[in-house]
Amino acid sequence: MSIYDTLNPPQQEAVFHTEGPLLILAGAGSGKTRVLTHRIAHLIADKGVNPFNILAITFTNKAAQEMRERVDKLTGADGMSVWVATFHSTCVRILRRYIDRLGYDNRFTIYDSDDQKTLMKEICRKLNIDTKKYKERSLLAQISHAKDEMITPDEMEMNAGGDFNQKKVAQVYREYQAALKSNNALDFDDLLVKTVELFQNCGDVLESYQEKFRYIMVDEYQDTNTVQFKFVSLLAARYGNLCVVGDDDQSIYKFRGANIGNILGFERVFPDAKVIRLEQNYRSTKNILNAANEVIANNAARKEKRLWTENPEGEKLHFRQFMNGFEEAEYVIGDIAKKKREHLADYRECAILYRTNAQSRLFEEKCLKANIPYKIVGGINFYARKEIKDLLCYLKTIDNSADDLAVRRILNVPKRGIGATTVGRVQDYADYMNVSFYDALRVAEEVPSIGRSLNKIEGFVTFIQSLKSKAQAYSVTEILEEVIDLTGYVDELKAEDTEESRARIENIDELISKTVSYEEAMKAEGREATLSGFLEEIALIADIDTVDPDQDYVLLMTLHSAKGLEFPYVYLAGMEDGMFPSSMCIFSDDPTDMEEERRLCYVGITRAMKELTLTSARQRLVRGETQYNKVSRFVREIPRELVELGTTIQEHKPSMQETPSPKNSYMQMRQTFRAKPFEAQNFKVTKAASLDYGVGDTVRHIKFGVGIVRDIVEGGRDYEVTVDFDKVGVKKMFAGFAKLKKI
DNA sequence: GGAATTATGGCTCGG
DNA sequence: CCATAATTCC
């Protein structure tokens, strides 16, 4: 009896095929992690491969950690030497060693999106760019996309041709890169781009890593982007032992540059690639899996496949529609409380999934009220909080004084009486002398018209210098406590004594415990705990990584965060057209946007093992406005016979005066299901007897602006209107959705 | 120079 | 609605 006997034939084939390129098309819940871990075990135990020569790239740190543990269980302690990490942490480790070859300092800092925005704001000011016209966020998004595709500022400028806007973006991009470099900082995208650049420029470095990583595995391959693909193919170019695992139906990160072509075209790039499909699902009941299959079948662009399972049929899916989001949350939390009360489930077995982070609030409030432990994944990052950022910027300044952003942030925190005027004068001097902001502070007496501020600046510099020298001997925790102590940060908050200040102190305590646990972890691994090591780790940690399976809490998260996870009981909330699918993609002129949204729905459904509950609200408060939404089209794509509408049980007490009679809501739900998918009952309603505009009329569209109607074609469900817009050109759209207004 | 108050504008999704 | 920017006031 070997450890491989428990695997099914295609799984075994994937494990034993170790040489050459391999594409594993692994459907949801088909045991791909088992395959990967057994494959690593097989390489080590049977093929005699040194664990040191294996690289496995996962999507999150949490997945990496789990994989390592499972390999350990199979092979003994050898798992520790396998390099299992995310793309970003892999790149950081390489860059810490070699980035000086690209003219950076090896102690670079990593900028998060807040830092990026601050930097961008400054650049726009410097270049006299009107941030009303070019939004920082939008500029950064364009730059990020360029980096995903490995386009340099020069290339962007060349590609721009006569396009003034593009040229402007290229100019900002160039300036932004220069600023990063002079701050000795890298953004997230740079981690990948600079590593690839390093490989391309330094053959010896690439070669050493090619020799090291003789066997490479990449998980969640459908969500890799172009630069990640380049990184992997460079590494695998020598030995060609590249194994990628993915599922094109679960590709949900196009907005972040993910290139679905990487998986769809794998066989084209590697003609000798072996392809193995894993289609048996071990996770979900038949009902859940069938629902998922039916929904995803509505997508046109996909590799045809159908998952099957030997699991029991299980319960039908539940669907409930409520008057508003308030009642929806009350029902979901009530249902979870009931499961716990009746010992049917632990909290940790339940997950509430939604489309946007903003939806978490209602559920959080109900959890608090019902005294149910919960954890929200994502949303406002712990490290984005003011008090945490302040303290981290002290640590960053101590670690890398070239980081102007960090230095400027703490210069007057706590208040030292150094204001904007002084900062501007020092900055001008620094720019003029071409030195860092901190170096300018150190020679503040040279700065013109610095006046009374000189004393205060000298005090600050002395303070930082003393911390810097202490950092040589102190542990990370000690230096953090020293900062808190000497700045009086916590003392000040204590004096404030408000609910808010107490929460801030709690956060600071949590930060201290994070440095402590970092030091413990490093000690356990026999690595040195350093300040830059700590800063790097927290820069790369994702919220999902902090989920503790030993704690009994309900998990609240977005569908995106739920990727790769599974739960016995799943609640998909906010199943409304306009929420999910989001209105953005309903109105999009790119039909693949809707397909990606549907894949997201597929991911959501396939997270559930035993029971899946879908909920929606008739009216919902979005950004302070009431929206009236129809039940999501995705719900309508699920065959009626797989769904139970819950008319017999009325568990939740009607809480609001305007609760509809059960009969009414039942009728509404029946109506939703009466039509088969895509006969789309609700669309017919929107088809007006006639339109109030005709060919040749000028109309206004909510997104595209003003245009002239060119053509109107009467279709089965709706009128198809062709409009020539002033700004975006000719678009075809359905009258029911487009909400065109005659002007 | 700093705090308080008013105006504004933005929500997908994340490492 | 809620966080942040801009503006005003001290």
Side-chain angles (χ1 to χ4, degrees), chain A residues 57-64 85-92 110-114 116-118 121 131-132 135-138 140-141 144 147-148 186-192 220 223-225 227-228 251-258 325 353-362 377-381 383-386 412-424 451-453 456 536-545 557-564 574 578-588 593 596-597 599-601 603-604 620-627:
Chain A
I57 302 219
T58 56
F59 202 67
T60 63
N61 293 294
K62 182 167 175 271
T86 62
F87 272 109
H88 290 90
S89 49
T90 302
C91 288
V92 170
I110 301 166
Y111 276 4
D112 64 20
S113 35
D114 281 347
Q116 287 180 288
K117 204 178 162 203
T118 312
K121 195 172 289 170
T131 50
K132 291 251 159 56
K135 298 257 187 320
E136 293 97 333
R137 284 287 203 86
S138 143
L140 284 167
S144 174
K147 289 184 179 179
D148 287 343
L186 270 66
D187 66 18
F188 282 116
D189 303 309
D190 277 344
L191 297 178
L192 264 305
E220 306 284 8
D223 283 322
T224 52
N225 60 30
V227 63
Q228 288 168 336
S251 165
I252 53 172
Y253 280 102
K254 194 175 85 180
F255 74 92
R256 184 169 104 178
L353 310 182
Y354 36 75
R355 181 65 177 82
T356 63
N357 280 309
Q359 286 166 265
S360 65
R361 198 184 187 86
L362 285 170
V377 178
I380 321 123
N381 191 337
Y383 296 102
R385 292 168 205 270
K386 182 183 177 298
N412 201 29
V413 176
K415 300 274 177 294
R416 296 189 176 89
I418 307 172
T421 323
T422 308
V423 170
R452 292 191 304 280
S453 301
K456 301 166 186 167
E536 167 185 318
E537 183 162 304
I538 60 177
L540 296 178
I541 219 101
D543 211 13
I544 192 77
D545 299 330
M557 67 184 109
T558 63
L559 288 150
H560 283 90
S561 302
K563 188 170 80 148
M579 297 293 289
F580 186 38
S582 82
S583 49
M584 293 277 234
C585 87
I586 292 176
F587 288 109
S588 167
D593 284 355
E596 171 138 330
E597 201 82 350
R599 289 195 291 271
L600 191 55
C601 181
V603 167
R620 186 178 289 279
L621 218 54
V622 180
R623 266 172 42 185
E625 281 174 28
T626 308
Q627 268 184 15

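Since this is a predicted model, take the numbers as computed values, not measurements. Here is the naming used below: chain letters follow the sequence lines, and residue numbers restart at 1 for every chain.
Judged purely by atom type and a 3.5 angstrom limit, A/Tyr111 has no side-chain atom pairing as donor or acceptor with the backbone of A/Phe188. When atom types are taken as modelled, the side chain of A/Asp223 and the backbone of A/Ile252 share a donor-acceptor pair closer than 3.5 angstrom.
For the pair A/Arg256 and A/Asp148, the tightest heavy-atom approach, listed with the atom from each and the gap, is O-OD2, 3.1 Å.
Close approach of DNA chain C to chain A, defined as any atom under 4.0 Å from a non-hydrogen atom of the protein, starts and stops at C/dC1 to C/dA5.
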Review point. Which parts of nucleotides 7-15 of chain B does protein reach within less than 4.0 Å, heavy atoms only, written one letter per nucleotide 5' to 3' as B for base, S for sugar-phosphate only and - for none?
Key: --SBBBBBB
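The shortest side-chain heavy-atom distance between A/Gln359 and A/Thr558 does not fall under the 4.5 Å cut-off. A heavy-atom distance below 4.5 Å is not found between the side chains of A/Val227 and A/Lys147.
No contact: A/Lys386 has no heavy atom under 4.0 Å from any strand.
Using a 30° and 60° split on the angle between ring planes, A/Tyr253 and A/Phe59 fall in the tilted class, from 30° to 60°.
A side chain to side chain contact (heavy atoms under 4.5 Å, CB included) with A/Phe87 holds for exactly one of A/Val92, A/Ile57, A/Asn225; it is A/Ile57.
The separation of C/dA6 from B/dC11, taken at their C1' atoms, amounts to 23 Å, rounded to a whole angstrom.
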Detail all sub-3.5 Å separations between protein N/O atoms and N/O atoms belonging to nucleotides 1-5 of chain B.
| from | atom 1 | to | atom 2 | distance (Å) |
| --- | --- | --- | --- | --- |
| B/dG1 | OP1 | A/Thr422 | OG1 | 3.4 |
| B/dG1 | OP2 | A/Thr421 | OG1 | 2.4 |
| B/dG2 | OP1 | A/Gly417 | N | 3.2 |
| B/dG2 | OP2 | A/Asn412 | ND2 | 3.4 |

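Atom CD in A/Glu220 sits 8.5 Å away from atom OG1 in A/Thr60 (nearest 0.5 Å). Atom OG in A/Ser144 sits 7.5 Å away from atom CG in A/Asp187 (nearest 0.5 Å). Between atom OG1 of residue A/Thr90 and atom CD of residue A/Gln228 there is a gap of 10.5 Å, rounded to the nearest 0.5 Å.
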